[in-house]
Every structure is written in structure tokens, then in C-alpha cells.
2 protein chains.
Amino acid sequence: MAKYTSMELLRFLLFEVHPVQPLFKFERYAHLDEEQAWMIIESAKLLADQEMFPYLKIMDETPARYDGKGAVITHPQIKRIIQMAADQSWIGGAAKFEHGGMQLPEMIFNAGQHIFQAANNSVQGYLGLSTGSADLITSFGSPEQIAFYVPKIYEGKWQGTMALTEPQAGSSLSDIITSAKKINDTYYHVKGQKIFISGGQHQGVDNFVHLTLARIEGAPTGVKGISLFIIPKFRPELDGTLVYNDVYCAGDYQKMGQKGYATTHLSFGDNDDCRAYLVGEPNQGLKYMFQMMNGARISVGQCAASVAMAAYQASLQYCKERPQGRVPSEKDPLKSPTLIINHADVQRMLLTQKAITEGSLSLAMECNRLYDFVHATEGQEKTDNLLLLEILTPIVKTYASEQGSRSAALAIQTLGGYGFTTDFPVQQLYRDLKIMSLYEGTTGIQSLDLLGRKATMNNGKALTLLLTQIQETISLANLEIDLKEYGIALNESIQTFVKALNHLLTYLQKSDPDRFLSDASVFMEMAGHLVIGWQWLKMAVKAKELMQQKELNDLTNQFYQGKIHTMEFFFKYELPHADACAQILMNEKNLTNLKEMDCF
Amino acid sequence: MAKYTSMELLRFLLFEVHPVQPLFKFERYAHLDEEQAWMIIESAKLLADQEMFPYLKIMDETPARYDGKGAVITHPQIKRIIQMAADQSWIGGAAKFEHGGMQLPEMIFNAGQHIFQAANNSVQGYLGLSTGSADLITSFGSPEQIAFYVPKIYEGKWQGTMALTEPQAGSSLSDIITSAKKINDTYYHVKGQKIFISGGQHQGVDNFVHLTLARIEGAPTGVKGISLFIIPKFRPELDGTLVYNDVYCAGDYQKMGQKGYATTHLSFGDNDDCRAYLVGEPNQGLKYMFQMMNGARISVGQCAASVAMAAYQASLQYCKERPQGRVPSEKDPLKSPTLIINHADVQRMLLTQKAITEGSLSLAMECNRLYDFVHATEGQEKTDNLLLLEILTPIVKTYASEQGSRSAALAIQTLGGYGFTTDFPVQQLYRDLKIMSLYEGTTGIQSLDLLGRKATMNNGKALTLLLTQIQETISLANLEIDLKEYGIALNESIQTFVKALNHLLTYLQKSDPDRFLSDASVFMEMAGHLVIGWQWLKMAVKAKELMQQKELNDLTNQFYQGKIHTMEFFFKYELPHADACAQILMNEKNLTNLKEMDCF
């Protein structure tokens, strides 16, 4: 079996760099220990090896496809794997026992999801969507809603989805027009069109639970008038039977990648018989939905890291096996060709991939850990963890998806012409990955969120907390003679970053929010480089510590050495581009406020 | 009809920035004037509008595909368009009258090819390959070979191909093993396998002329023992009839993009009856082939620019039509959504695409012009033009393909989720484009060529000539008060570039070619930014000049203003990354000479 992720890396991240063990001291996770946690993750690997990875290519070649009559035909393995994953608690595993879960920390649960994402990102889409939907109902639904819907979703019988986007509104949720009319205390009638609904009415489950945003008649305009509804495809009658609820799948979208994952167009209430059940209070829908959305953003970031990881592993394997050419100092054409991994430029491409994918995965694990601690802690600690998580969310989503695409492009490049052919998986992974910078808010939206909200909220408290965390890692690096220079370098970049931010804030002080935000994407790019630089320094500090602590065998020693080497690589090859971003941010010229679009 | 390139831009590049007019003073081109030249280009546009662009999508959806019996099934339009293009001289148009051509300057001929590449890059592949093959025969073949093969290729009856790559050798041509055994003074018997043969035995033509590299028995090892052969699929008997020449198409490659363009595996001499006709002298094959290869590299660069241009045009059109959201300073949710082109980040994405695609196309035109002057001039002038062309060749190939991919990714991004769907062409163009960084030498190979050969050849003469050219543009910019600062900025970057190169050269002086070349790709990236910065400054200088010279209508004025604006944009957003490259190049650490590959 081809390798699509590194279990050694996962173990290092989970138990050393972002230690999950302290969580086991909390009552909620007291039933777990390190060994059990690892066994659970290994069970995910087995499932992915046997039931997911082998279907990666065929799902690309036989895309999910609308049948013209209201349903989407999916590969038969989808139905099977949803059931198997549910049976092994990979939909509801992080939920409490009382809701049918295994009370796994998100870190463990998402380590498993990472394996699925790397093995077959289409398959994992269905699972993740169900998890998020059920969690949302658990958080804000009534006890009856929880009792009725959540178990069916966790059992893999029903599919949860999130239905936000509308044709006319796109990313601008304040402009959605799907309407809800109150009929009685039990239900509303909903009417409207939702597009880009992932996991919409396919063949893998018996029913769908569409978590849908709509406007109750008479609600305020804009985002303040949006409510959240549960809209099942088949609704329960009083006697418990299920009847069709006037939610019609009107078509699908064929895509350049992630073809196994159905993307649908749903039409609600064509026959004025679509019943919707309000979740929580009216007009609070967007706030509720953002719980799921924030989780989804981290998940998309992790998925991007995982898909890029699978491409990196395929690239690495090829480079270790393919002989071609000779290094420049070898002039004898009679000498056998060398393995291409021995070419400097190939090493550069591999190390770039390693730096991006492992760095992104480390950041995703940082986020998963924060998520767990938000839920495990109280008071100031909880608030701080949440602020940190909130500021890192757009960064992990964006860095992993944007740089992940670059990483997968390098994977193709290492295979030469073969990389472009369907004989190898790297081209599929490159295509699959491209959606990640669009899902759940494009890079532009994430960047506005980072600079326009997260960097300034609570008087910049989230950013201060983040910089404090980074400084802690720098302090640890400063204690190691080999690592000190990298601590100094990161610190310098941080100072430059703060200077650039302060420069941008002057526009806000001048009441010019347009100019303040116009280079938000460049700010995001810079933040991404710094945060991943931090992750690499953190990994290097830990690797160094472990190398000093114990006698290691050669392989383990190489593993840790590889972490330190990749950190050095990141600092040489990637971090300088953060300075370039700062140069752009400090540039006073405003070149993206053209009024005359014909200037293009 | 959707716009896929800008005729205004083409006119500006051809007649103003890189003026073709001086060529008309040479006898070879004396039959042309500006008006006629433009009519010819407009005829290409008409052909592309009617016969190429409308088939872009269907050729993606119905890929060229091996029939299992020795042939590749192509879309029927391929046969039709090869014939139509040939009839309108779009295969042999640049050749001399005596060879059946129209004696067009490459600039004009390739302006037409640009239109084809932007309209349908699969289709143009077949045409360009035939052109290059016939030119190669004309340059090095015997009068009989020229008389027999060239007209049939120019007439679109026979397809030319280049057969270099072998499974075991890949990019390392010194390792090819296809063998040629001399039978008599007329022909050799050839035996071997060639892979990735574009335009191989498909249904669009009657016969194929495979320009094939092979080793004559007893030839020296390495690149010095490679000879060039003409190998037709059907060979002419003495009586003029054609018989099968034992060239079997053994399969094809299915690809992630450029699916209309057949990529084949050819097997020569399975039945020991494959006759090959030597071109020129034995063992000179690689030298000959590099005439075609160098042309092909420029052409691939231009094609990348063209495909990225088509994606940019689709992106621009969408952004001008799609209303969504409001700018940050607009707080009223009741205000109608604005067109997305009015969002700063969308303008950033559009201007980035414009900067990359138009800059790349300008560089391709610079190369085409140099090519024409190499052939039109004599003595020192010719030598200088050739040196300039040689150093720019790997740069245009690499910048356009690598940055073009980034540009097409931004095109997807501007469309949001729609960009990922097959409803819009941007995703296809993104996929098509990815091959360009692999074709005719990967980015790694081009970078070794630039730093290892071109930058140092003739004691650095080519580089000196290039820097002189750039300085000339800077001098012109310095005369304009608005442009002076950009001239200064480019000059500073050039100084940094020279410093970085000198730093690298110290490794060569220390007899360490491996270290000298280890960051060649970063050197290439830096060179690309500088050369495109030069092209933008050149365009801005010309735009400024024209704006001062004459009274212009609003549209023309906006066009020129747009050039100056995009130049400013390039200098703010792109050029700083050249400094980051310099920082990497000056970094002494050698991190890509790992001996233990397990460190990964």
C-alpha cells in the first residue's frame, strides 16, 4: 500500500508537540490514556487503508452525478463507508456518552479524520459534515431535536448538511432571501434556493438533515434577520412515519476535483410543503451557524494539509525509487543514474512540501488542542483559549489551502511528465485541493476576518495572546545553542509584522476602513508564514529536547533530525517571503481602489 | 463570444512596445506592412473564434484516447482544424516562399499562435509541433528530405512530432538507448521506446513524421553519441507508395489537462522493419534537436501566457458582471450589492493576473522579435541577438508557466465556488496550464540551464547584454518624472541580483558545482521577477510616450493608463519577492545536500 500520511509524525504531534495527555486528567476524558488513544487512531488507519484509500482514484473517475430525477448517484462505497465509519464512532466519536459519542478529545478524533482526509478526501467530506451538523443541533437545538436527530446522524443513517449559500448572495450571507413563514409553534414553511450544498441528497443514506439559514417574514434586514432551521428531506409525522418534505435536489455541480463528494443545488418548498423546525431563537441563526462554520474552517485547513500530505508522500516515494540523471559534479556519463532524491532541486521541492504540509498539520493540531481546552477549562483560561482559537482559525484555513496547492504543484513537478498523468495520484490531489481555498469562505473572506475582526477584537487581545505564545517558543529556542538564531530570526519577523499592522491601523484611525482592509490578503500571507515558522520552531525545540533526553535508535534520531532540518529549511526558504509581504503592506500606494473598471 | 485575449494588447505589443515594423525593411519581409500584418492576425482571430474556442470544453470532456489497436481517437474537429489552419498558412506561414511559406516574421506568426493558444491550447499543440518539425528538417535535412517532407507537413496532411523521451531516461537525454543500425546509405533500422510523444499517431492526419533521437551502433556514450532521424509512420517506397514503417502506437497517457492533445507511447521496430533516415551528420542529433527544442521552449512559455490570459479574461468578465457584497465602508445592508470588481481584493487578484499574463506575453514577444532579428541580421548584431534570446528562453518558459499557474489559480478564486465547477472555463485552463512547467524541460531543468549555462556562457556576455537592455529601459524611465522611482527600484533589484549571482559564483570558483547550482530554481524565480519588471517598465514608458504624443479618446487613454497602473502594481506587489529570493541565495546554509534520504 502506498503511504499517504506519516503515523510517526502524527504520534510526534499528538503526544510531544501538542501533548494530548493533560486532557486525560479532565473527567470527560478520564476513560482514556495514551495507549488507548493511539489504538483508536490506528483503527482509523486500518479503516482508511482498507476502505477509503483504495477508492480514491475510482471516485475521481466516476464522479457523483445527478440522476435528473432528484437524486445524486454516488459510488457504492460511499454508503458502505459512511456506515462503517459510523459503526466505529468516526461520526460522533467526540460527542459525550449521553449523545452516543465516545467522549474523545477533538485532537484524537481529528487525528483520525486527518487519516481519512489524506486517504480519500471525498469520503471524509460526508463524515465531517454529519459530525458538524449533529454538533450544531446538540449545541443549540431543543432536547427533542437533539434526541430525534443526533443519534440518526451519528449512526450514519441520516446525513447532516449545512445550507447557507444562495445563487444571488454567494459569500454575502446578509443578502440571503430564503424565506420562512411561521405556521404554528411547531414548524415554519420555507421557500428558497440553496446552491453548493455538499453532501446533498445522495444515495449513501436514508435521509438528510439540512441545517438551513432563512429569513422569518418580517425579520430585520442583513445578518441580524437570519434564523437557523432544521429541514429534513423526509419529515417525521406524529405517528413516526417519514413523509417527503418538499426538499428537491434540482441538480448538481460537476467539479474539477473532489469528484466523489456530491455538490448539489437544493430547492425548498416548490410545492409549499417544506416544513422547517427553528433551532434556538429567531434571528440568531448566523451566530449559531458560525459554531459549525468555525469548526468547518479548521477542518478545511486540516483537510488541505492532509491532501497536500498525501501528495507529498506520493512524491517522496517516487523520488526514492526513480533513477535519473547525475549530480552536476559527476561528469562521467557511464556512471549509473542516481536516484532523483539526490538532486538538490528535488530535495528543495521535497523539503518545501514537507515544510508546508507538516507545518500546516501541526497548526491544525494546535487548533484542535485549543478547541479541547476551550471546552475543558473555565473562566479566563477558557476565554484566552477561545481568543487564540479564533485568531488561528482563518490562518490555518488559508495557509494550508493556499500553500497546500503550491505544495501539491511541487509534488507533480517532482514526477516530471508522469505527475501530469492519471497514472499517479498527485494530479488528482492537486485538483482536489483547489476547493479548499474556496470552501467555507474564500481566502479573501478569511483575510478580511483576520485583519478586520480577529486582529483588532477585544483591543487586539487575541493577537497579543498569539504573540505571547510565539514568544514562549522563542524563549525555549534561545536556550539551545543550535536553535537560538532561529528564535532571533522569528522574533525579528514578528517585530516587522507588528510594525506593518500598526501601519495599517493608521488607516483605521483615519476612518478609512477600505484602505485598512485593501491588502488584507497580503497581511494574511505574512501571518501564515510567521505562524508556521512558529510551529516549526516548536517542533524543533521538542525534537532537540527528545534527542537530548534519551538514547535513540538511528531511525528515531533521523526523524527528529529531519524536524530540525526542515525547520532550518523553512527559515531559509520560506520566511524571507514574510519580509516581502511587510514591504508590500508598508507601501503607501493605494492601487486597488480603481473606480473605472475599464482601466483593466 | 467570451473574450479569451485582448487584441488591443496584441496591437500595442506588436507595433509599439516591440515594434515589428523595422523588420519590413528587410528584403525577406518587404512584402508586408503594418496593415497587412494586422489583417493576417485578425484572420487568426476569426479562425480561432469560429473553429477553436467553441471546442475548448468538449475536447476536455472527450479526451483524446487510445483505441487499443495502435491509434488515438481525437475529436473530429482536430482533423478539420489542422486542415483549415494549414490552408490559411498557420503551420508554415513563417517559412520562406520557396518552402511553401508566407515569409511572415515570427512575431506575426506567433501573434496568431498566441490567439490559438488562448482559444484552445490542445488544438494549437498539433499545429506548433508540425511547424517546429518542418523547420528542423529545413534547417538540417538534405534537399531531398526538405522537398519530400516539408510541404506535406505545411499542408496539414502529415503531422510532425519530436520523439526524445524514453522511459528509463526522462529528462536525462544522455541516457537514451533507442538504437539505430546502418543498413545502407539510405536508411537505418531503429529499435526503441519513446514516451510522452505529443501529437503521436492520432486520427487528424494521414501520416506522421517522427523526428527521433537514437544512438547509432558504436556511437560514443552520453550526449555526444546521439543522432537525429526522420521516421515516418508510413514510409515512401521507390514507386512513391506508402507502406507501414513499423512505428506502433502502443498506448497513450490520460492527463489532468490538455486532454484534447494526444500524448502517446511509440514503439519503433517491434518487427525489425522500422526505417529511419539520418538528418545531417551522425552524432550531431542533440545539437540539431535543440533548435527545435529552444523554439518549443519559447512556444511553451508563450502558450502558458496565453492560457493564463484566457483565464484572466474569463475572470475579468465575471468580476464585471457579478454583484456581491459591499465595500467595508458601506454599512447599509439595504444598499444593492456592488459588482465584485469594486472589492479591493478582487482588484488585487485581477491586477496580479494582468501583471503576470500581459508581462509574460510581452516577454514572449520580446523573444519572438529577437528570433526574427537573429535571422535578419549579421555579424556582431546577430551574435548579440542570439545570446539575448538564449538567456531569455528558459526565463520566459519558466516564469510564464510557474506564475501562470498562480495566475489561473487566482482566476478560479475570483469566481468563488463557481470557479471550481465545470460550468466555467477557468478550472480547465488551470488544469491545462500545469503541463507547461513540465514540457520541454521542467522548471528544474530550465533553472540549471539558466544558471549553469546561460548566465556564465561567453564569460557572462549574454547576461551583460540583458542587463544593458534593462538599463536602457531604466534610462528612458528616468526621463519621466512619474516613472523615475520605478527605474530606480528596478535598478536596485538588478544590483541585488548581480550581488547574489556573484555570491553563487564563489562556489564555482571553489570548484563546487553542486552547491553553485543547488538554488538554481530560486535564482530563476528572481530572474523572472526582474525580467517581467523590465517588461512592465518598458510598457509603461511606451504608454507614457504615446499619451504625450497624441490626443487620445477615453478608451485608448484608459488602456495606456491601465498599463502604467499595472506596472505600478507589479512593482508594489511582485518585485519585493525578488528581494526575498536574493536573501535565500545569499544564505550560506546548504540544506539540500542530504545524503541520508531517510531524513525526510
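Note that the structure is predicted; figures quoted are calculated from it, not measured.
For A:Glu525, the part lying under 4.5 angstrom from a heavy atom of chain B is the side chain only. Contact annotation for B:Leu334: only side-chain heavy atoms (C-beta onward) come within less than 4.5 Å of a heavy atom of chain A. In this structure, no portion of A:Ile340 lies under 4.5 Å from any heavy atom of chain B. When heavy atoms are compared at a cutoff of 4.5 Å, A:Leu350 approaches chain B by way of both its backbone and its side chain. Heavy atoms closer than 4.5 Å to chain A are found in the side chain of B:Gln583, but not in its backbone. Interface remark: B:Gln353 contributes no atoms to any contact with chain A (heavy atom separation under 4.5 Å). Both the backbone and the side chain of B:Leu591 come within contact range of chain A, judged by heavy atoms closer than 4.5 Å. Neither the backbone nor the side chain of B:Leu448 comes within less than 4.5 Å of any heavy atom of chain A.
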Stepwise side chain to side chain contact (heavy atoms under 4.5 Å, CB included) test for A:Phe600 and B:Thr566: CA-CA 9 Å; A:Phe600 289 98; B:Thr566 311; over 6 Å; no

Worked check of side chain to side chain contact (heavy atoms under 4.5 Å, CB included) between A:Tyr253 and B:Thr422: CA-CA 8 Å; A:Tyr253 293 89; B:Thr422 58; over 6 Å; no

Stepwise side chain to side chain contact (heavy atoms under 4.5 Å, CB included) check, B:Arg326 with A:Ser172: CA-CA 8 Å; B:Arg326 288 150 201 86; A:Ser172 180; 3.9 Å; yes

From CA spacing to verdict: side chain to side chain contact (heavy atoms under 4.5 Å, CB included), B:Gln324, A:Ser171: CA-CA 8 Å; B:Gln324 196 183 297; A:Ser171 300; 3.2 Å; yes

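When side chains are defined from C-beta on, A:Ile412 counts as touching B:Leu438, because their heavy atoms get closer than 4.5 Å. Side chains of A:Ile195 and B:Tyr418 form a contact here, defined as non-hydrogen atoms less than 4.5 Å apart. A 4.5 Å side-chain heavy-atom check between A:Asp579 and B:Asp579 finds every atom pair outside the cut-off. In this structure, the side chains of A:Ser521 and B:Arg348 come closer than 4.5 Å at one or more pairs of heavy atoms.
Taking each heavy atom of A:Asp519 and B:Lys572 in turn, the nearest pair found is OD2-NZ, 3.0 Å. Contact detail for A:Arg322 and B:Pro167: the closest heavy-atom pair is NH1-O, 2.9 Å. Smallest separation of non-hydrogen atoms from A:Pro337 and B:Asp175: CG-OD2, 3.8 Å. Closest of all the heavy-atom pairs between A:His577 and B:Ile584 is NE2-CD1, 4.1 Å. Taking all atoms of both residues into account, the shortest heavy-atom contact from B:Thr443 to A:Gln413 is N-NE2, 3.4 Å. Taking all atoms of both residues into account, the shortest heavy-atom contact from A:Ala580 to B:Pro576 is CB-O, 3.6 Å.
Electrostatic pairing of B:Arg406 and A:Glu402 does not count as a salt bridge here, judged by no charged N lying under 4.0 Å from a carboxylate O. Under 4.0 Å is where a charged nitrogen must lie from a carboxylate oxygen, and between B:Lys255 and A:Asp423 no such pair does.
Considering only heavy-atom pairs separated by less than 4.5 Å from chain B, the leading option among A:Asp512, A:Leu351, A:Asp332, A:Val522 is A:Leu351. Residue with the most contacts toward chain A among B:Ser447, B:Ser437, B:Gly562: B:Ser437 (heavy-atom pairs, distance under 4.5 Å). Of the listed residues (A:Asp345, A:Asp514, A:Thr421), the one with the most heavy-atom contacts under 4.5 Å to chain B is A:Asp514. Counting heavy-atom pairs closer than 4.5 Å to chain B, the top-ranked of the candidates A:Gly416, A:Ala344, A:Ala409, A:Gly419 is A:Ala344. Per-residue counts of heavy-atom pairs under 4.5 Å with chain B were compared for A:Glu358, A:His343, A:Lys224, A:Glu485; the largest is that of A:Glu485. Contact count against chain A (heavy-atom pairs under 4.5 Å) is highest for B:Gly170 among B:Gly170, B:Ser518, B:Ala520, B:Gly222. The choice from A:Ser6, A:Ala169, A:Gly444 that makes the most heavy-atom pairs within less than 4.5 Å of chain B is A:Ala169. With chain B as partner, the option from A:Ser174, A:Ser405, A:Cys581, A:Gly417 having the largest number of non-hydrogen pairs under 4.5 angstrom is A:Gly417. Per-residue heavy-atom pair counts under 4.5 Å with chain A were compared for B:Gln258, B:Gln427, B:Gln254, and the maximum is reached by B:Gln254.
With rounding to the nearest 0.5 Å, the separation of CG in B:Asn587 from OH in A:Tyr573 is 7.5 Å. Here OH of B:Tyr439 is found 7.0 Å from CZ of A:Phe420. Values are rounded to the nearest 0.5 Å. Taking OG of A:Ser329 as the reference point, atom CZ of B:Phe516 lies at 13.5 Å (rounded to 0.5 Å). With rounding to the nearest 0.5 angstrom, the NZ atom of B:Lys589 is 11.0 Å from the NE2 atom of A:His565.
Shown here is B:Asp554, whose CG atom has no more than 12 heavy atoms of other residues, nucleotides or ligands within 6.0 Å.
Residues from residues 428-435 of chain B that place a non-hydrogen atom less than 4.5 Å from a non-hydrogen atom of chain A comprise B:Tyr430, B:Arg431, B:Asp432, B:Lys434, B:Ile435, given in numerical order.
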